[in-house]
Novice: 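Have a look at this one before I ask anything.
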Amino acid sequence: MMPAARESLLDAAYMALARRPWSGVRMVDVAAVAGVSRQTLYNEFGSKDGLARALVRREADAYLSGVDRALVSHVEPRERLAAAAEWTVVAARGNVLVRAVLTGCWSERLPSLTLSAVPSSSAVPAQRRADGPLPSPSDVVGLVRDRAMAYLAPAGTSRYEAVEVAGACEVAVRLALSCVVAPVGEGAVGQLVREALGSGALRL
């Protein structure tokens, strides 16, 4: 199946989830919306759980791509991290699966998935990846921190500076996650990050 067709199926699954709990989403309905047979859907994802894992993986990847865009949207380090923090809050507000990945809080409306890898016999590379481990909140902290480090502490940065930058990146990510759990006003998380990283030992 072409990647675009797989995306269409995932779009159909996401739309179905927006309308009803995952337990009420039927594979036949997802297939019908995407204009393919139910067998084609099973061939691509293996099972309803496989579809759910692929959907969660896609949304997590899209969130991380947004982090990359935020980090390159500014030059000054604090502004890069503030932008990434703002994106984190916006993404969680607009996407229930991203919010669940970031917080670890999976409501009854969402798929009930194990974050560990599951046995996969799929011939589809994208599905084999989806059947692998899904990110936990602590994994996300590490992934975002490492992405920020790539921009703020490139090769050649001293070990001391790298440790300082890593600490600042982690503070920014954790501040953002706290604002996902306890929402703040628009733009407030960016200001929190700027203030935190502009004071004391965390100056960046």
Novice: Does the pair R38/D29 count as a salt bridge with the N-to-O cut at 4.0 Å?
Specialist: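 Result for this pair is no, no salt bridge flagged.
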
Novice: Give me the other members of the hydrophobic cluster that V33 sits in, counting Ile, Leu, Val, Met, Phe, Trp and Tyr linked by side-chain heavy atoms under 4.5 Å, directly or via other members.
Specialist: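 Cluster partners of V33: M15.
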
Novice: For Y63 and T88, which I'm curious about, is there any donor-acceptor pair between the side chains at under 3.5 Å?
Specialist: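 The criterion, which ignores hydrogens and geometry beyond distance, is satisfied for T88 and Y63.
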
Novice: If I compare all heavy atoms of C169 with all of L152, which pair ends up nearest, and what's the gap?
Specialist: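 Looks like SG-CD1, 3.9 Å.
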
Novice: Which atoms form the tightest heavy-atom contact between G190 and A82, and what is the distance?
Specialist: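 The pair with the smallest heavy-atom distance is O-CB, 3.7 Å.
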
Novice: Closest heavy-atom contact between V189 and A176?
Specialist: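 Shortest heavy-atom contact: CG2-CA, 3.8 Å.
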
Novice: Indicate yes or no: does R80 engage E76 in a salt bridge with an N to O separation below 4.0 Å.
Specialist: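 Not counted as a salt bridge, because no side-chain N and carboxylate O are separated by less than 4.0 Å.
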
Novice: Measure the spacing between CZ of R57 and CG of L55 and express it to the nearest 0.5 Å.
Specialist: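 If we round to the nearest 0.5 Å, R57:CZ and L55:CG are 12.0 Å apart.
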
Novice: Please name the pair of heavy atoms, one in P137 and one in T103, separated by the smallest distance, quoted to 0.1 Å.
Specialist: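 Nearest pair, atom of P137 first, then T103: CG-C, 3.6 Å.
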
Novice: Does W106 reach the side chain of V101, with side-chain heavy atoms less than 4.5 Å apart?
Specialist: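 The answer is yes; the side chains approach within 4.5 Å.
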
Novice: Would you say R93 and R99 make side-chain contact, with heavy atoms under 4.5 Å?
Specialist: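 Side chain of R93 against side chain of R99, heavy atoms only: no contact under 4.5 Å found.
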
Novice: Salt bridge check: are D61 and R129 linked by an N-O gap of less than 4.0 Å?
Specialist: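 Salt bridge flag = yes for R129 with D61.
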
Novice: For the pair R145 (side chain) and V141 (backbone), establish whether a donor and an acceptor sit closer than 3.5 Å, ignoring hydrogens and angles.
Specialist: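 Not at all, since once roles are kept as given, no pair shorter than 3.5 Å links the two residues.
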
Novice: Please round to the nearest 0.5 Å and tell me the distance separating atom CG of D146 and atom CD of E170.
Specialist: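 Here the interatomic distance stands at 9.5 Å.
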
Novice: Just by distance, with hydrogens left out, do S136 and D139 show a side-chain donor and acceptor under 3.5 Å apart?
Specialist: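 Side chains of S136 and D139: pair found under 3.5 Å.
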
Novice: Is it the case that atom CD in E186 sees more than 12 heavy atoms from other parts of the structure closer than 6.0 Å?
Specialist: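 Not buried by this count: 12 neighbours or fewer within 6.0 Å.
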
Novice: Could you grab the distance from atom OH of Y14 to atom CZ of R19, nearest 0.5 Å is fine?
Specialist: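 Y14 atom OH to R19 atom CZ measures 12.5 Å (nearest 0.5 Å).
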
Novice: I'd like to know if D49 pairs up with R53 as an ion pair, taking the criterion as any Lys NZ or Arg NE/NH1/NH2 lying under 4.0 Å from an Asp or Glu carboxylate oxygen.
Specialist: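 Salt bridge absent between D49 and R53.
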
Novice: Can you tell me how far OG of S121 sits from CZ of R128, rounded to the nearest 0.5 angstrom?
Specialist: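 Those atoms lie 10.0 Å apart.
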
Novice: Is any side-chain heavy atom of L175 less than 4.5 Å from a side-chain heavy atom of V171?
Specialist: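 The answer is yes, as the side chains (C-beta and beyond) meet within the 4.5 Å cut-off.
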
Novice: Given 3.5 Å as the limit, does a donor-acceptor pair link the side chain of K48 with the main chain of V25, or not?
Specialist: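 Side chain of K48 to backbone of V25: a pair is present.
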
Novice: Any sub-3.5 Å donor-acceptor pair from S8's side-chain atoms to A4's backbone N or O?
Specialist: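 Side chain of S8 to backbone of A4: a pair is present.
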
Novice: State the CZ-CG distance between R78 and L197, to the nearest 0.5 angstrom.
Specialist: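 R78 CZ to L197 CG: 7.5 Å, rounded to 0.5 Å.
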
Novice: So which atom in R6 and which in A54 form the shortest heavy-atom distance, rounded to 0.1 Å?
Specialist: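 Where R6 meets A54 most closely, the heavy atoms are NH2-CB, 3.5 Å.
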
Novice: Kindly compute the distance separating CZ (R159) from CD (E164), expressed to the nearest 0.5 Å.
Specialist: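 Interatomic distance, R159 CZ to E164 CD, rounded to 0.5 Å: 12.5 Å.
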
Novice: Using distance alone, with no hydrogens and no angle criterion, decide if S116 and T114 have a side-chain donor and acceptor under 3.5 Å apart.
Specialist: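 Yes, a side-chain donor-acceptor pair sits under 3.5 Å.
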
Novice: Other residues, nucleotides and ligands only: do more than 12 of their heavy atoms fall within 6.0 Å of CD on E108?
Specialist: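 No, CD of E108 has 12 or fewer neighbouring heavy atoms, counting only those of other groups under 6.0 Å.
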
